[in-house]
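This report concerns only the one structure given below.
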Amino acid sequence: MTAGNGVVFTVVVASFLVAALLAVVPLPEWLQWARPEWVALTLLYWCLALPHRVGIFTALLLGVLVDALEGAVLGQNAFSLTVLALCALLVYQRLRVFSLWQQCGVVFVVIGLHQLIGQWVQNLEGAGARSLLFLLPALSSALLWPVVLQVLRSVRRYYRIA
Amino acid sequence: MVSLIAADLRYNKLENGRAILDTLVAPVIWVADIPARLVEWQDTHIRSRGRLLEDNGRLQRENLLLQGRSLQMASLQAENTRLRGLLNSTAMLRNDVLVAELIGVSPDPMRHQLVLNKGSTEGVYVGQPLIDADGLMGQVVEVGEVTSRVLLLTDLTHSVPVQVNRNGVRAIAEGTGSLDALEVQHISATTDIREGDLLVSSGLGGRFPVGYPIAEVVLVQRDPGQAFARVLARPTAALNRSRHVLLVFTNATEEAAPTQDLP
(Lines give C-alpha, C1' and ligand atoms only; values in the text may rest on other atoms or scores of the structure.)
Protein backbone atom coordinates (compact mmCIF):
# COMPACT_ATOMS: atom_id res chain seq x y z
CA MET A 1 0.00 0.00 0.00
CA THR A 2 1.38 3.39 -0.90
CA ALA A 3 1.01 6.61 1.02
CA GLY A 4 -1.62 9.26 0.20
CA ASN A 5 -0.95 12.61 -1.40
CA GLY A 6 -0.96 14.43 1.92
CA VAL A 7 1.81 12.28 3.36
CA VAL A 8 3.92 12.64 0.20
CA PHE A 9 3.52 16.41 0.26
CA THR A 10 4.42 16.64 3.96
CA VAL A 11 7.50 14.43 3.65
CA VAL A 12 8.82 16.25 0.57
CA VAL A 13 8.26 19.69 2.10
CA ALA A 14 9.83 18.60 5.40
CA SER A 15 12.92 17.30 3.58
CA PHE A 16 13.26 20.62 1.74
CA LEU A 17 12.92 22.51 5.03
CA VAL A 18 15.73 20.48 6.59
CA ALA A 19 17.86 21.09 3.47
CA ALA A 20 17.16 24.83 3.67
CA LEU A 21 18.21 24.84 7.34
CA LEU A 22 21.46 23.07 6.49
CA ALA A 23 22.00 25.60 3.70
CA VAL A 24 22.04 28.58 6.10
CA VAL A 25 23.54 27.07 9.27
CA PRO A 26 26.72 29.05 10.02
CA LEU A 27 29.92 27.19 9.15
CA PRO A 28 33.53 27.91 10.13
CA GLU A 29 35.28 30.13 7.61
CA TRP A 30 37.51 27.45 6.10
CA LEU A 31 34.46 25.29 5.35
CA GLN A 32 32.34 28.06 3.86
CA TRP A 33 33.49 27.66 0.29
CA ALA A 34 32.84 23.91 0.38
CA ARG A 35 29.29 24.05 1.77
CA PRO A 36 27.37 21.27 -0.04
CA GLU A 37 24.30 22.37 -2.01
CA TRP A 38 21.81 20.61 0.26
CA VAL A 39 18.69 21.96 -1.42
CA ALA A 40 19.93 20.99 -4.89
CA LEU A 41 20.83 17.49 -3.67
CA THR A 42 17.41 17.00 -2.11
CA LEU A 43 15.70 18.24 -5.24
CA LEU A 44 17.82 15.89 -7.32
CA TYR A 45 16.82 12.94 -5.17
CA TRP A 46 13.09 13.67 -5.39
CA CYS A 47 13.38 14.22 -9.16
CA LEU A 48 14.91 10.75 -9.46
CA ALA A 49 12.53 9.05 -7.03
CA LEU A 50 9.25 10.80 -7.88
CA PRO A 51 9.69 12.30 -11.36
CA HIS A 52 5.91 12.37 -11.82
CA ARG A 53 5.42 14.52 -8.72
CA VAL A 54 8.54 16.68 -8.26
CA GLY A 55 9.79 18.55 -11.28
CA ILE A 56 10.40 21.91 -12.87
CA PHE A 57 7.57 23.77 -11.16
CA THR A 58 8.73 22.57 -7.72
CA ALA A 59 12.25 23.67 -8.63
CA LEU A 60 11.05 27.14 -9.64
CA LEU A 61 9.07 27.68 -6.43
CA LEU A 62 11.86 26.28 -4.29
CA GLY A 63 14.44 28.42 -6.09
CA VAL A 64 12.62 31.66 -5.33
CA LEU A 65 12.45 30.73 -1.63
CA VAL A 66 16.16 29.83 -1.59
CA ASP A 67 16.93 33.19 -3.22
CA ALA A 68 15.08 34.98 -0.44
CA LEU A 69 16.84 32.83 2.15
CA GLU A 70 20.34 33.49 0.82
CA GLY A 71 19.74 37.12 -0.12
CA ALA A 72 20.56 36.37 -3.75
CA VAL A 73 19.11 38.10 -6.78
CA LEU A 74 15.55 36.85 -7.16
CA GLY A 75 15.67 34.20 -9.86
CA GLN A 76 19.28 33.09 -9.46
CA ASN A 77 18.56 29.83 -7.68
CA ALA A 78 15.17 29.55 -9.39
CA PHE A 79 17.01 29.48 -12.71
CA SER A 80 19.79 27.10 -11.72
CA LEU A 81 17.49 24.70 -9.84
CA THR A 82 15.10 24.59 -12.79
CA VAL A 83 17.98 23.64 -15.10
CA LEU A 84 19.05 21.03 -12.55
CA ALA A 85 15.54 19.55 -12.39
CA LEU A 86 15.33 19.52 -16.17
CA CYS A 87 18.64 17.63 -16.43
CA ALA A 88 17.48 15.15 -13.78
CA LEU A 89 14.13 14.56 -15.47
CA LEU A 90 15.80 13.94 -18.82
CA VAL A 91 18.11 11.21 -17.54
CA TYR A 92 16.36 9.81 -14.43
CA GLN A 93 15.75 6.39 -15.98
CA ARG A 94 19.43 5.96 -16.78
CA LEU A 95 20.57 7.45 -13.47
CA ARG A 96 18.52 4.94 -11.47
CA VAL A 97 20.49 1.99 -12.87
CA PHE A 98 23.90 3.65 -12.54
CA SER A 99 26.27 2.41 -9.88
CA LEU A 100 26.78 4.68 -6.90
CA TRP A 101 30.09 6.16 -8.03
CA GLN A 102 28.70 6.82 -11.52
CA GLN A 103 25.81 8.69 -9.88
CA CYS A 104 28.35 10.70 -7.91
CA GLY A 105 29.99 11.69 -11.19
CA VAL A 106 26.68 12.89 -12.60
CA VAL A 107 25.93 14.78 -9.37
CA PHE A 108 29.33 16.48 -9.67
CA VAL A 109 28.48 17.66 -13.18
CA VAL A 110 24.93 18.90 -12.52
CA ILE A 111 25.84 20.66 -9.26
CA GLY A 112 28.79 22.20 -11.11
CA LEU A 113 26.34 23.45 -13.72
CA HIS A 114 24.13 24.81 -10.93
CA GLN A 115 27.13 26.68 -9.50
CA LEU A 116 28.15 28.04 -12.91
CA ILE A 117 24.69 29.47 -13.55
CA GLY A 118 24.72 30.98 -10.06
CA GLN A 119 28.09 32.60 -10.78
CA TRP A 120 26.86 33.88 -14.09
CA VAL A 121 23.93 35.69 -12.45
CA GLN A 122 26.13 36.99 -9.63
CA ASN A 123 28.56 38.40 -12.17
CA LEU A 124 25.71 40.42 -13.66
CA GLU A 125 25.38 41.94 -10.20
CA GLY A 126 29.13 42.50 -9.90
CA ALA A 127 29.51 40.07 -7.02
CA GLY A 128 31.09 37.11 -8.78
CA ALA A 129 33.85 35.02 -7.24
CA ARG A 130 37.42 35.91 -8.15
CA SER A 131 38.67 32.31 -8.17
CA LEU A 132 37.44 28.86 -9.13
CA LEU A 133 36.72 28.08 -5.47
CA PHE A 134 33.02 28.50 -6.20
CA LEU A 135 33.10 25.04 -7.85
CA LEU A 136 34.11 23.38 -4.56
CA PRO A 137 30.47 22.72 -3.53
CA ALA A 138 30.15 20.47 -6.63
CA LEU A 139 32.88 18.24 -5.22
CA SER A 140 31.56 18.21 -1.65
CA SER A 141 28.02 17.57 -2.91
CA ALA A 142 29.18 14.67 -5.05
CA LEU A 143 31.01 13.18 -2.07
CA LEU A 144 27.92 13.54 0.13
CA TRP A 145 25.49 12.15 -2.46
CA PRO A 146 25.64 8.55 -1.10
CA VAL A 147 24.66 9.84 2.37
CA VAL A 148 21.78 11.96 1.04
CA LEU A 149 20.63 9.06 -1.12
CA GLN A 150 20.62 6.61 1.78
CA VAL A 151 18.86 8.96 4.21
CA LEU A 152 16.14 10.10 1.82
CA ARG A 153 15.64 6.58 0.48
CA SER A 154 15.08 5.17 3.95
CA VAL A 155 12.66 8.03 4.70
CA ARG A 156 10.80 7.33 1.47
CA ARG A 157 10.59 3.62 2.21
CA TYR A 158 9.52 4.20 5.80
CA TYR A 159 6.56 6.28 4.64
CA ARG A 160 5.95 3.97 1.63
CA ILE A 161 6.07 6.78 -0.88
CA ALA A 162 6.14 5.75 -4.52
CA MET B 1 12.86 33.65 -15.29
CA VAL B 2 15.17 36.01 -17.12
CA SER B 3 12.61 38.78 -16.65
CA LEU B 4 12.54 37.98 -12.90
CA ILE B 5 16.31 38.33 -12.67
CA ALA B 6 16.24 41.51 -14.74
CA ALA B 7 13.40 43.02 -12.72
CA ASP B 8 15.23 42.47 -9.46
CA LEU B 9 18.67 43.44 -10.70
CA ARG B 10 17.99 46.49 -12.82
CA TYR B 11 14.71 48.03 -11.80
CA ASN B 12 14.18 47.24 -8.11
CA LYS B 13 10.55 46.55 -8.87
CA LEU B 14 10.32 43.61 -6.52
CA GLU B 15 10.93 45.27 -3.15
CA ASN B 16 7.47 44.46 -1.81
CA GLY B 17 7.71 40.90 -3.06
CA ARG B 18 11.11 40.54 -1.44
CA ALA B 19 9.80 41.87 1.86
CA ILE B 20 7.05 39.23 1.82
CA LEU B 21 9.51 36.47 0.92
CA ASP B 22 11.89 37.62 3.65
CA THR B 23 9.12 37.37 6.20
CA LEU B 24 8.27 33.93 4.85
CA VAL B 25 11.78 32.53 5.26
CA ALA B 26 12.48 34.26 8.59
CA PRO B 27 11.55 31.16 10.66
CA VAL B 28 14.17 29.08 8.84
CA ILE B 29 16.87 31.62 9.66
CA TRP B 30 15.62 31.82 13.24
CA VAL B 31 15.84 28.04 13.68
CA ALA B 32 19.27 27.91 12.04
CA ASP B 33 20.49 30.39 14.65
CA ILE B 34 19.45 28.24 17.63
CA PRO B 35 22.88 26.55 18.10
CA ALA B 36 24.62 29.92 18.27
CA ARG B 37 22.03 31.15 20.74
CA LEU B 38 22.51 28.07 22.91
CA VAL B 39 26.24 28.72 23.04
CA GLU B 40 25.57 32.31 24.04
CA TRP B 41 23.05 31.24 26.69
CA GLN B 42 25.53 28.78 28.12
CA ASP B 43 28.15 31.52 28.08
CA THR B 44 25.98 33.90 30.10
CA HIS B 45 24.20 31.45 32.42
CA ILE B 46 26.76 28.80 33.20
CA ARG B 47 29.80 30.64 34.44
CA SER B 48 32.18 30.18 37.27
CA ARG B 49 32.10 32.63 40.19
CA GLY B 50 35.74 33.46 39.56
CA ARG B 51 35.09 34.53 35.98
CA LEU B 52 32.10 36.62 37.01
CA LEU B 53 34.17 38.44 39.65
CA GLU B 54 36.94 38.98 37.14
CA ASP B 55 34.49 40.35 34.55
CA ASN B 56 32.90 42.58 37.15
CA GLY B 57 36.25 44.07 38.13
CA ARG B 58 37.23 44.66 34.53
CA LEU B 59 33.92 46.33 33.71
CA GLN B 60 34.18 48.58 36.75
CA ARG B 61 37.65 49.69 35.71
CA GLU B 62 36.39 50.32 32.17
CA ASN B 63 33.43 52.27 33.46
CA LEU B 64 35.66 54.48 35.61
CA LEU B 65 37.90 55.14 32.64
CA LEU B 66 35.00 56.05 30.34
CA GLN B 67 33.38 58.26 33.00
CA GLY B 68 36.68 60.06 33.45
CA ARG B 69 36.91 60.66 29.74
CA SER B 70 33.35 61.95 29.47
CA LEU B 71 33.79 64.48 32.33
CA GLN B 72 34.79 67.22 29.95
CA MET B 73 32.24 66.12 27.36
CA ALA B 74 29.53 68.58 28.43
CA SER B 75 31.75 71.65 28.31
CA LEU B 76 33.38 70.55 25.05
CA GLN B 77 29.95 69.98 23.51
CA ALA B 78 28.81 73.45 24.56
CA GLU B 79 31.98 74.95 23.14
CA ASN B 80 31.51 73.03 19.90
CA THR B 81 27.94 74.29 19.54
CA ARG B 82 29.07 77.88 20.21
CA LEU B 83 31.87 77.67 17.65
CA ARG B 84 29.53 76.11 15.10
CA GLY B 85 27.13 78.97 15.76
CA LEU B 86 29.95 81.43 15.09
CA LEU B 87 30.69 79.64 11.82
CA ASN B 88 27.01 79.75 10.83
CA SER B 89 26.95 76.00 10.30
CA THR B 90 24.13 73.75 11.38
CA ALA B 91 24.22 72.16 14.79
CA MET B 92 25.49 68.59 15.12
CA LEU B 93 22.59 66.32 15.84
CA ARG B 94 22.72 63.31 18.03
CA ASN B 95 21.41 60.12 16.48
CA ASP B 96 19.07 57.58 18.08
CA VAL B 97 20.01 53.94 17.98
CA LEU B 98 18.23 50.61 18.17
CA VAL B 99 20.04 47.55 19.50
CA ALA B 100 19.68 44.57 17.18
CA GLU B 101 21.00 41.06 17.29
CA LEU B 102 22.60 39.19 14.45
CA ILE B 103 20.67 36.00 13.63
CA GLY B 104 22.23 34.93 10.37
CA VAL B 105 25.07 35.42 7.95
CA SER B 106 24.97 34.89 4.22
CA PRO B 107 25.87 31.28 3.34
CA ASP B 108 27.61 32.51 0.19
CA PRO B 109 31.20 33.60 1.02
CA MET B 110 31.12 36.14 -1.82
CA ARG B 111 28.11 37.92 -0.35
CA HIS B 112 28.86 39.86 2.81
CA GLN B 113 25.41 40.10 4.28
CA LEU B 114 23.97 39.73 7.77
CA VAL B 115 20.43 39.07 8.92
CA LEU B 116 19.23 41.02 11.97
CA ASN B 117 16.32 40.28 14.29
CA LYS B 118 14.65 43.67 13.79
CA GLY B 119 12.34 44.52 10.92
CA SER B 120 9.77 47.01 9.70
CA THR B 121 7.70 46.60 12.89
CA GLU B 122 10.57 48.27 14.76
CA GLY B 123 10.86 51.00 12.14
CA VAL B 124 13.94 49.71 10.33
CA TYR B 125 14.18 51.16 6.82
CA VAL B 126 16.20 50.47 3.68
CA GLY B 127 19.44 52.43 3.67
CA GLN B 128 19.71 52.61 7.46
CA PRO B 129 23.33 52.59 8.72
CA LEU B 130 24.52 49.85 11.07
CA ILE B 131 27.33 50.29 13.60
CA ASP B 132 28.98 48.31 16.35
CA ALA B 133 31.11 49.48 19.27
CA ASP B 134 34.13 50.12 17.02
CA GLY B 135 32.75 51.63 13.86
CA LEU B 136 30.44 51.55 10.88
CA MET B 137 29.47 48.09 9.65
CA GLY B 138 27.15 48.58 6.68
CA GLN B 139 23.65 49.47 5.62
CA VAL B 140 20.24 47.82 5.51
CA VAL B 141 19.27 46.62 2.03
CA GLU B 142 16.12 44.61 2.66
CA VAL B 143 13.48 44.87 5.35
CA GLY B 144 11.06 42.09 6.22
CA GLU B 145 8.38 42.12 8.90
CA VAL B 146 10.63 40.88 11.72
CA THR B 147 14.06 40.59 10.09
CA SER B 148 16.25 42.76 7.93
CA ARG B 149 19.26 42.12 5.73
CA VAL B 150 22.40 44.21 5.97
CA LEU B 151 25.07 44.70 3.32
CA LEU B 152 28.52 44.98 4.91
CA LEU B 153 31.10 47.61 3.94
CA THR B 154 33.39 44.91 2.60
CA ASP B 155 30.95 43.47 0.06
CA LEU B 156 32.17 43.77 -3.53
CA THR B 157 29.16 45.84 -4.48
CA HIS B 158 29.45 48.33 -1.60
CA SER B 159 31.15 51.73 -1.51
CA VAL B 160 31.19 54.35 1.22
CA PRO B 161 32.28 58.02 1.09
CA VAL B 162 35.07 58.60 3.63
CA GLN B 163 37.47 61.28 4.76
CA VAL B 164 40.83 61.10 6.46
CA ASN B 165 40.31 62.12 10.06
CA ARG B 166 43.71 63.86 10.25
CA ASN B 167 43.30 66.33 7.38
CA GLY B 168 39.84 65.87 5.83
CA VAL B 169 40.95 64.43 2.48
CA ARG B 170 37.86 62.91 0.88
CA ALA B 171 37.71 59.58 -0.93
CA ILE B 172 35.55 56.57 -1.68
CA ALA B 173 36.24 53.25 0.06
CA GLU B 174 35.12 50.20 -1.86
CA GLY B 175 34.59 46.68 -0.56
CA THR B 176 36.99 44.04 -1.81
CA GLY B 177 35.09 40.86 -0.99
CA SER B 178 37.53 40.14 1.84
CA LEU B 179 36.36 40.83 5.39
CA ASP B 180 39.49 42.67 6.49
CA ALA B 181 40.15 45.05 3.61
CA LEU B 182 38.61 48.08 1.96
CA GLU B 183 40.20 49.67 -1.09
CA VAL B 184 40.34 53.46 -1.17
CA GLN B 185 39.80 54.51 -4.76
CA HIS B 186 41.30 57.28 -6.88
CA ILE B 187 43.90 58.63 -4.48
CA SER B 188 46.42 60.55 -6.57
CA ALA B 189 50.09 59.94 -5.87
CA THR B 190 50.56 63.31 -4.17
CA THR B 191 47.61 63.09 -1.77
CA ASP B 192 48.55 63.29 1.89
CA ILE B 193 47.45 59.91 3.17
CA ARG B 194 49.59 57.67 5.38
CA GLU B 195 49.53 54.25 6.92
CA GLY B 196 47.81 54.46 10.30
CA ASP B 197 45.39 57.20 9.23
CA LEU B 198 41.82 56.79 10.48
CA LEU B 199 39.09 57.03 7.85
CA VAL B 200 35.73 58.33 9.08
CA SER B 201 32.42 58.63 7.25
CA SER B 202 32.21 61.96 5.45
CA GLY B 203 28.42 62.15 5.26
CA LEU B 204 28.55 63.00 1.57
CA GLY B 205 25.91 61.14 -0.37
CA GLY B 206 23.52 61.61 2.52
CA ARG B 207 23.28 57.96 3.47
CA PHE B 208 25.71 57.60 6.36
CA PRO B 209 25.93 60.06 9.27
CA VAL B 210 29.16 62.07 9.59
CA GLY B 211 32.06 61.09 11.77
CA TYR B 212 31.71 57.38 12.43
CA PRO B 213 35.07 55.57 12.22
CA ILE B 214 35.21 53.24 9.24
CA ALA B 215 38.71 51.91 8.67
CA GLU B 216 42.39 52.34 9.38
CA VAL B 217 44.79 52.70 6.46
CA VAL B 218 47.20 49.75 6.48
CA LEU B 219 48.91 50.04 3.10
CA VAL B 220 49.82 52.92 0.81
CA GLN B 221 51.64 52.01 -2.40
CA ARG B 222 52.73 54.86 -4.65
CA ASP B 223 53.79 53.51 -8.02
CA PRO B 224 55.05 56.20 -10.45
CA GLY B 225 53.78 54.10 -13.35
CA GLN B 226 50.19 54.22 -12.10
CA ALA B 227 47.81 57.17 -12.16
CA PHE B 228 46.61 56.50 -8.62
CA ALA B 229 48.12 55.19 -5.43
CA ARG B 230 46.95 51.83 -4.12
CA VAL B 231 45.49 52.33 -0.66
CA LEU B 232 44.13 49.50 1.49
CA ALA B 233 42.36 49.99 4.81
CA ARG B 234 41.18 47.59 7.51
CA PRO B 235 37.63 48.12 8.84
CA THR B 236 37.58 49.11 12.52
CA ALA B 237 34.27 47.36 13.20
CA ALA B 238 34.43 43.67 14.13
CA LEU B 239 32.59 42.61 10.98
CA ASN B 240 32.82 38.89 11.58
CA ARG B 241 32.56 38.88 15.37
CA SER B 242 29.95 41.37 16.55
CA ARG B 243 26.71 39.72 17.55
CA HIS B 244 25.06 42.76 19.10
CA VAL B 245 24.90 45.73 16.76
CA LEU B 246 23.27 49.16 16.63
CA LEU B 247 20.92 50.48 13.95
CA VAL B 248 21.30 54.25 13.70
CA PHE B 249 18.27 56.45 13.08
CA THR B 250 19.60 59.52 11.31
CA ASN B 251 17.70 62.71 11.98
CA ALA B 252 16.97 63.45 8.35
CA THR B 253 14.68 60.48 8.16
CA GLU B 254 13.03 61.28 11.48
CA GLU B 255 12.03 64.62 10.08
CA ALA B 256 10.86 63.00 6.88
CA ALA B 257 8.83 60.35 8.67
CA PRO B 258 5.74 62.43 9.61
CA THR B 259 5.26 63.63 6.03
CA GLN B 260 5.10 60.03 4.91
CA ASP B 261 2.18 59.39 7.24
CA LEU B 262 0.08 62.10 5.60
CA PRO B 263 -2.56 60.80 3.17
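Residue numbers start from 1 in every chain, and the chains themselves are labelled A, B, ... in the order their sequence lines are given, proteins ahead of strands. Values in this document were obtained by computation on a predicted structure and should not be read as measured data.
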- [ ] Flag the pair L21(B) / D67(A) as yes when at least one side-chain heavy-atom distance between them is below 4.5 Å, and no otherwise.
- [x] no
- [ ] Give, as side chain, backbone, both or neither, the part of L60(A) having an atom under 4.5 angstrom from any heavy atom of chain B.
- [x] side chain
Task: Structural part of A78(A) lying under 4.5 Å from a heavy atom of chain B - done: both
Open item on the list: Taking every non-hydrogen pair under 4.5 Å, which of A20(A), A72(A), G118(A) racks up the most with chain B?
Closed with: A72(A)
- [ ] With a 4.5 Å cut-off on heavy-atom pairs, point out which of T82(A), L21(A), L17(A) contacts chain B the most.
- [x] L21(A)
Surrounding [atom1] of [X] (heavy atoms of other residues, nucleotides or ligands, distance under 6.0 Å), is the total greater than 12?
X	atom1	result
W30(B)	CH2	no
F228(B)	CZ	yes
Y159(A)	OH	no

Open item on the list: If we define contacts as heavy-atom pairs under 4.5 Å, which of V31(B), I29(B), V25(B), T157(B) has the most with chain A?
Closed with: V25(B)
- [ ] Tell me, out of P27(B), P107(B), A32(B), who's got the most heavy-atom pairs with chain A below 4.5 Å.
- [x] P107(B)
TODO: Measure distances from N240(B) to the heavy atoms of chain A and classify the residue's part below 4.5 Å as side chain, backbone, both or neither.
DONE: side chain
Open item on the list: I'd like to know if the side chain of Q32(A) pairs up with that of D108(B) as donor and acceptor (distance under 3.5 Å, no hydrogens or angles considered).
Closed with: no
TODO: Quick one: do R111(B) and E125(A) satisfy salt bridge (Lys or Arg N to Asp or Glu O under 4.0 Å)? Show the steps, please.
DONE: CA-CA 11 Å; R111(B) 236 179 251 285; E125(A) 190 193 357; 3.2 Å; yes
